[in-house]
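Numbered from 1 within each chain, the chains take letters A, B, ... in sequence-line order. Here the structure is a predicted model, which is why all the values come from computation and not from measurement.
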Protein chains: 2
Amino acid sequence: MALARKEEFARKEIDLADFAKALGHPARIAILTVLAQKKECICGDIVIDLPLAQSTVSQHLKALKEIGLIKGTVDGPRSRYCIDWKVFEKFQRQFDGWTSKISELKQENTC
Amino acid sequence: MALARKEEFARKEIDLADFAKALGHPARIAILTVLAQKKECICGDIVIDLPLAQSTVSQHLKALKEIGLIKGTVDGPRSRYCIDWKVFEKFQRQFDGWTSKISELKQENTC
DNA sequence: TGTGCTAATCGTACAAACACGATATACGAT
DNA sequence: ATCGTATATCGTGTTTGTACGATTAGCACA
């Protein structure tokens with residue numbers, strides 16, 4: 001990233017990009033999908049489902065947690081994760097807003 | 001990426017992640033937004049709008065082109081770019097499909 | 001044929017992402 | 001107290017992304 005020009009963009013663009021970036025790896029897509037379909041989602045269950053080492057999965061979980069898409073609680077010796085639907089839906093609305101905005105602006109193009 | 005375990009995920013997950021990744025930088029969000037609102041979008045116009053060097057913008061354009069979200073044509077000494085709405089909408093549908101799928105599976109969670 | 005413009009590509013530097021094994025931590029059970 | 005299990009974190013190597021200046025390539029026009 002050399003010198004993170006990122007900050008010079010509009011807040012909206014940065015937020016949207018961060019959300020997209022969080023979904024920008026198949027492992028994280030897979031994790032969210034797994035989390036959605038299990039009621040009690042323990043870290044180990046996810047590790048089994050993915051073709052990755054435990055430590056790598058842990059990293060992806062951390063990334064999703066940092067952006068707020070998932071929450072985690074400690075339950076004895078294990079960790080339970082779940083999607084934070086409030087955050088998820090916020091991002092979804094934001095994304096929808098952006099796509100419908102640019103779709104409205106859509107013009108017949110010249111190329 | 002060490003050794004690109006990426007290939008071991010499902011095609012659907014990879015496609016979705018690639019799309020998200022393409023949107024995973026504010027510059028590329030900004031580029032698409034600009035492209036949507038101009039009929040004749042010349043590379044130079046985009047460069048002026050962004051806080052980045054010409055060569056860097058060119059790289060981002062290339063990335064968007066590679067995944068198919070935009071098309072480019074040469075027009076004399078300049079380059080014209082536009083969104084490939086067919087591709088854009090394809091990805092949008094894919095994303096919608098995924099979000100509604102996981103929303104349906106949504107359970108009251110335990111954490 | 002040369003000049004001037006636009007945009008792509010090259011080379012480079014640095015930062016971040018990805019992946020793993022090894023280790024540390026935290027807890028339950030014995 | 002000890003052991004076993006589950007998960008997080010650390011250290012490390014490799015790859016990819018981001019950014020820039022410099023150069024190249026293409027085209028229009030004098």
Side-chain angles (χ1 to χ4, degrees), chain A residues 1-9 13-14 17-31 34-35 40-67 70-82 111, chain B residues 1-9 13-14 17-31 34-35 40-67 70-82 111:
Chain A
M1 206 174 291
L3 232 159
R5 276 291 126 90
K6 204 176 131 178
E7 312 309 330
E8 300 178 31
F9 288 90
E13 289 165 350
I14 296 170
D18 284 345
F19 169 55
K21 200 174 185 179
L23 303 181
H25 193 288
R28 293 193 290 271
I29 296 283
I31 287 172
V34 171
L35 287 187
E40 312 219 347
C41 205
I42 285 146
C43 180
D45 297 349
I46 307 169
V47 174
I48 291 167
D49 277 12
L50 305 196
L52 296 170
Q54 179 265 322
S55 57
T56 306
V57 173
S58 204
Q59 269 186 344
H60 285 300
L61 284 167
K62 197 181 176 190
L64 288 170
K65 207 169 160 188
E66 263 163 11
I67 203 181
I70 66 173
K71 295 180 290 188
T73 52
V74 177
D75 176 24
R78 54 201 82 188
S79 283
R80 218 179 277 284
Y81 284 102
C82 63
C111 66
Chain B
M1 207 173 292
L3 232 158
R5 276 291 125 92
K6 207 175 127 177
E7 313 309 332
E8 300 180 30
F9 289 89
E13 289 165 349
I14 296 171
D18 283 346
F19 169 56
K21 200 174 188 182
L23 302 182
H25 193 289
R28 293 191 291 269
I29 296 284
I31 287 172
V34 172
L35 287 187
E40 313 218 347
C41 206
I42 284 146
C43 180
D45 297 350
I46 306 168
V47 174
I48 290 167
D49 276 12
L50 305 195
L52 296 170
Q54 178 262 323
S55 57
T56 307
V57 173
S58 202
Q59 269 187 344
H60 285 300
L61 285 167
K62 197 180 174 188
L64 288 170
K65 207 169 157 187
E66 262 163 11
I67 203 182
I70 65 174
K71 295 179 290 186
T73 52
V74 177
D75 176 23
R78 55 202 79 190
S79 284
R80 218 178 276 286
Y81 282 102
C82 65
C111 66

*Asks:* Going from OG on S58(B) to CD1 on I46(B), what distance comes out if it is rounded to the nearest 0.5 angstrom?
*Replies:* 9.5 Å

*Asks:* May I ask you to verify whether the side chain of Q54(B) and the base of dA8(C) hold a donor-acceptor pair under 3.5 Å?
*Replies:* yes

*Asks:* Roughly how many Å is it from CG in L50(B) to P in dA19(D), rounded to a whole number?
*Replies:* 10 Å

*Asks:* For S79(A) and for F9(A), locate the closest nucleotide of DNA chain D by heavy-atom distance; then report the residue assigned to the nucleotide nearer the 5' terminus.
*Replies:* S79(A)

*Asks:* Rounding to a whole Å, what distance do you find between I31(B):CD1 and dA19(D):P?
*Replies:* 11 Å

*Asks:* Which nucleotide, dT18(D), dG21(C), dT7(D), lies nearest any side-chain atom of A53(A)?
*Replies:* dG21(C)

*Asks:* Please state whether the phosphate of dT6(C), meaning OP1 or OP2, lies under 4.0 angstrom from any side-chain nitrogen or oxygen of Y81(B).
*Replies:* no

*Asks:* Would the distance check show the side chain of R28(A) and the main-chain N or O of A17(B) forming a donor-acceptor pair, the cut-off being under 3.5 Å?
*Replies:* no

*Asks:* How close or far is atom C1' of dT7(D) from atom CD of Q59(A), stated in whole angstroms?
*Replies:* 13 Å

*Asks:* Roughly how far, to the nearest 0.5 Å, is CG of D45(A) from CG of L50(A)?
*Replies:* 11.0 Å

*Asks:* In terms of the nearest nucleotide of DNA chain C, which residue is placed more toward the 5' end: G24(A) or P77(A)?
*Replies:* G24(A)

*Asks:* Can you tell me how the ring of H25(B) sits relative to the ring of H60(B), calling it parallel under 30°, perpendicular over 60° and tilted otherwise?
*Replies:* tilted

*Asks:* Rounded to the nearest Å, what distance is computed from the NE2 atom of residue H25(A) to the C1' atom of nucleotide dC18(C)?
*Replies:* 6 Å

*Asks:* To the side chain of K21(B), which of dA19(C), dG17(D), dT9(D) is closest?
*Replies:* dG17(D)

*Asks:* Find the distance R28(B):CZ to dT16(D):C1' and express it as a whole number of Å.
*Replies:* 12 Å

*Asks:* How many angstroms lie between CD1 in I14(B) and CD in E8(B), if you round to the nearest 0.5 Å?
*Replies:* 9.5 Å

*Asks:* Side-chain N or O of S58(A) versus OP1/OP2 of dA8(D): is the shortest distance under 4.0 Å?
*Replies:* yes

*Asks:* Given dA17(C), is OP1 or OP2 found less than 4.0 Å from the side-chain N or O atoms of H60(A)?
*Replies:* no

*Asks:* To the nearest angstrom, how far is D18(A) atom CG from dT18(D) atom C1'?
*Replies:* 15 Å

*Asks:* Please figure out whether D75(A) or R78(B) has its closest DNA chain C nucleotide nearer the 5' end.
*Replies:* R78(B)

